[in-house]
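We name chains A, B, ... by the order of the sequence lines, and we start the count at 1 in each one.
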Amino acid sequence: MIDIKFIRENPDIVKNACAVKNFADNVDDILALDKRVRELKTITQTKTAEKNKITREIPTATDKAPLIAQSKKIGEEIAADMAELADKEAELNELLHCVPQIPSADAPIGRDDGDNVEIRRVGEPPKFDFTPRAQWDLLDMNNWWAPEKIGEICGTRTYCLMGEAAELSLAIQTYVIQKLISKGFRFVECPSITKPQTIFNAGHFKGSDLSVMNNDVFMLTDTDRCLAGTAEIILNSLHADEVLNEKDLPIKYAGFSPCFRKEAGAAGRDTRGLVRFHQFNKVEQYIYCTPEQSDEMHEHILNNLCEVMEDLELPYRVIANCTGDMGFNKVKMNDVEAWFPSENAYRELGSCSSIGQFQARRTNTRYRAGDGTLQFCATLNNTGIALPRALVPVIENHQNADGSVNIPKKLQPLMGGRTKIGGKH
RNA sequence: GGAGCGUUGGCAGAGUGGUAAUGCAGCGGAUUGCUAAUCCGUGACCGUGUUAUAGCGGUCCAUAGGUUCGAGUCCUAUACGCUCCGCCA
């Protein structure tokens with residue numbers, strides 16, 4: 001969430017942020033409520049001070065009765081004002097939770113993903129001297145999945161990988177985890193079951209009403225738990241209510257977890273192949289740092305994902321997501337998209353986000369700065385790799401005429417030294 | 001699932017109805033000057049105030065209620081942790 005003091009002092013910046021991110025602008029209502037809340041605080045606090053003064057005289061007074069009566073009377077007056085204060089504060093809080101994060105000045109302004117900007121392109125889409133197969137044909141002919149069977153027994157938007165494809169998926173995850181560990185990330189195997197409040201604290205949803213997430217998040221019936229859509233949720237709360245030491249920052253985590261999403265807004269999209277499921281696996285990069293370190297860390301974790309693309313020998317591009325596409329809690333966002341030959345298009349494999357102090361304010365994660373003061377941490381996150389989606393460009397880009405798939409060099413040690421899988425044996 | 005114990009500042013840790021001890025760390029200051037020590041100050045959040053400080057006031061002892069003139073302390077519920085029992089990959 002955004003600091004009320006910042007809104008007081010910079011209402012125009014906040015109004016502009018609401019406009020370019022397509023969120024309702026409640027700034028004027030917030031400022032009016034804030035003014036009234038402060039008035040009520042002054043009134044109740046003055047009366048409370050008066051009451052405290054009398055209460056403190058009671059133990060030593062010879063005639064206690066009149067003091068007790070007076071204290072009781074002031075107490076009743078305070079209760080009336082407190083009721084209005086509580087109402088107004090709740091109202092103010094609700095509006096504050098609907099104020100989006102201020103986007104970075106260098107983020108492109110735009111309405112939706114049509115206004116995103118490509119900032120660089122690395123590698124060339126492969127040229128095949130045969131008719132390349134789409135992912136589903138490669139998977140079928142190599143017996144690497146069983147979509148009809150799994151659909152029948154588990155329902156839509158589920159998948160299974162079999163044989164060498166399952167091995168390759170695990171090898172990619174292991175490769176990325178080891179790479180991140182070597183770059184100073186602490187590996188965390190995260191739970192997927194969590195409390196709704198934990199999801200809310202990651203700041204993807206606006207407002208204070210937890211039921212807004214029911215559309216996107218699987219709730220577990222007859223419990224107070226739900227399933228997290230990403231390890232970011234857990235990593236974001238790992239230091240909630242703690243005070244970190246500035247000298248320990250940045251703290252870098254590589255989280256791994258199964259991820260669960262309803263995909264309610266994607267009905268009919270990507271129903272074939274390995275792109276979009278209710279459950280998938282993801283390695284996630286997550287950073288705690290000072291606001292001053294944030295831009296450098298953004299480049300660091302973006303670069304890590306780009307390196308993974310290069311290690312997987314995939315043509316890819318980096319996108320600067322526009323203000324309207326980046327979401328509620330973000331300062332800036334860069335999607336990394338790999339080349340999907342079957343779609344003749346680049347498609348998202350990862351998303352790198354700077355959150356500023358927005359999440360840390362919700363989780364109350366602070367650090368003791370060099371000057372002794374307390375500050376909210378800045379947080380960032382990026383995909384490490386997501387499976388099985390990442391398998392699609394790997395098998396499509398590296399396929400051979402016989403339906404076999406060349407294994408990228410860096411993965412070969414994790415595949416028992418094999419250089420290719422599948423095809424006619 | 002059952003029983004017991006616990007939750008106080010960054011950390012450790014006192015506090016049995018009347019203004020939350022103390023130690024360590026961090027930060028600020030003073031002093032000494034062989035690289036460290038000694039002394040003093042300093043909890044967080046909010047309101048008010050200030051160019052900025054200071055000052056003044058309020059709140060905070062896991063969370064939410066309750067009793068009371070007054071609650072860290074008494075009562076109720078919940079969350080989390082630990083120990084033991086049961087079950088279990």
Q: Could you walk me through whether E9(A) and K5(A) pass the salt bridge (Lys or Arg N to Asp or Glu O under 4.0 Å) test, one step at a time?
A: CA-CA 6 Å; E9(A) 287 160 19; K5(A) 280 181 238 166; over 6 Å; no
Q: Go through the steps to decide whether E39(A) and K35(A) satisfy the test salt bridge (Lys or Arg N to Asp or Glu O under 4.0 Å), and finish with yes or no.
A: CA-CA 6 Å; E39(A) 283 168 5; K35(A) 185 161 174 284; 3.5 Å; yes
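In RNA chain B, runs of at least 3 consecutive Watson-Crick or G-U pairs, each pair with both distances below 3.5 Å, span B:1-7 with B:79-85, B:10-12 with B:22-24, B:26-30 with B:38-42, B:43-48 with B:55-60, B:62-66 with B:74-78.
Checking S353(A) against K330(A) by side-chain atom types alone, a donor-acceptor pair falls below 3.5 Å. No hydrogens or angles considered: nothing links the side chains of E232(A) and Q285(A) as a donor-acceptor pair under 3.5 Å. Between the side chains of H298(A) and N382(A), no donor-acceptor pair is found at a separation under 3.5 Å.
Rounded to whole Å, the separation between the P atoms of U83(B) and A77(B) comes to 25 Å. C75(B) sits 36 Å from C56(B) when the C1' atoms are compared, rounded to a whole Å. One C1' atom belongs to G2(B), the other to U42(B), and the distance between them is 49 Å to the nearest Å. For the P atom pair drawn from A64(B) and U59(B), the interatomic distance equals 15 Å after rounding to whole Å. Across G49(B) and U68(B), the matching C1' atoms stand 35 Å from one another, rounded to whole Å. For G72(B) and G17(B), the C1' atoms lie 11 Å apart once the distance is rounded to whole Å. A gap of 13 Å separates the P atoms of C45(B) and A54(B), to the nearest Å. For the C1' atoms, the distance from U67(B) to G86(B) is 39 Å, rounded to whole Å.
Only V243(A), listed by number, bring a heavy atom of residues 232-246 of chain A to less than 4.0 angstrom from any atom of RNA chain B. Residues from residues 65-84 of chain A that place a heavy atom under 4.0 Å from any atom of RNA chain B, listed by number: I68(A), S71(A), K72(A).
Rounded to whole Å, atom C1' of G9(B) lies 13 Å from atom CG of N364(A).
Two residues, R225(A) and K51(A), neighbour RNA chain B, and the one matched to the more 5' nucleotide by heavy-atom proximity is K51(A).
Distance alone, capped at 3.5 Å, places no donor-acceptor pair between the D325(A) side chain and the N321(A) backbone. With hydrogens and angles disregarded, a donor-acceptor distance shorter than 3.5 Å links the side chain of S104(A) to the backbone of D106(A).
For residues 42-52 of chain A, the side chain to side chain donor-acceptor pair (under 3.5 Å) pairs, not counting sequence neighbours, are K47(A)-D81(A). Residue pairs that meet the side chain to side chain donor-acceptor pair (under 3.5 Å) test with at least one member in residues 254-269 of chain A, sequence neighbours left out, are E263(A)-R276(A).
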Under 3.5 Å, which donor-acceptor pairs link side chains of residues 222-229 of chain A to any protein atom two or more places apart or in another chain?
residue: T223(A); atom: OG1; partner: L220(A); partner atom: O; Å: 2.7
residue: T223(A); atom: OG1; partner: R225(A); partner atom: N; Å: 3.0

Cut-off 3.5 Å, no hydrogens considered: what does the side-chain donor-acceptor table look like for residues 23-32 of chain A, sequence neighbours left out?
residue: D25(A); atom: OD1; partner: V27(A); partner atom: N; Å: 2.9
residue: D28(A); atom: OD1; partner: K15(A); partner atom: NZ; Å: 3.1
residue: D28(A); atom: OD2; partner: K15(A); partner atom: NZ; Å: 3.1

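In this structure, the ring pair (Phe, Tyr, Trp, His ring centres under 6.0 Å) partners of Y288(A), at least two apart in sequence or on a different chain, are H239(A), Y286(A). Y316(A) is linked by a ring pair (Phe, Tyr, Trp, His ring centres under 6.0 Å) to nothing, counting only residues two or more places apart in sequence or in another chain. Residues forming a ring pair (Phe, Tyr, Trp, His ring centres under 6.0 Å) with F256(A) (at least two apart in sequence, or on another chain): none.
Salt bridge present: E167(A) and R418(A) bring a charged side-chain N and a carboxylate O closer than 4.0 Å. Taking 4.0 Å as the cut-off between side-chain N and carboxylate O, K179(A) and E307(A) count as a salt-bridged pair.
K64(A) comes within 4.0 angstrom of nothing in the nucleic acid, heavy atoms only. Heavy atoms of K195(A) sit under 4.0 angstrom from primed sugar atoms or phosphate atoms, though from no base atom.
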Show me the protein contacts with nucleotides 74-76 of chain B, counting only N or O atoms at under 3.5 Å.
none

Q | Summary of protein contacts for nucleotides 40-64 of chain B, nucleotide by nucleotide, where a base hit scores B, a sugar-phosphate-only hit scores S (4.0 Å, heavy atoms) | A | ----SSSSS--------BSS-----
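The NZ atom of K195(A) sits 11.0 Å away from the CG atom of N201(A) when rounded to the nearest 0.5 Å.
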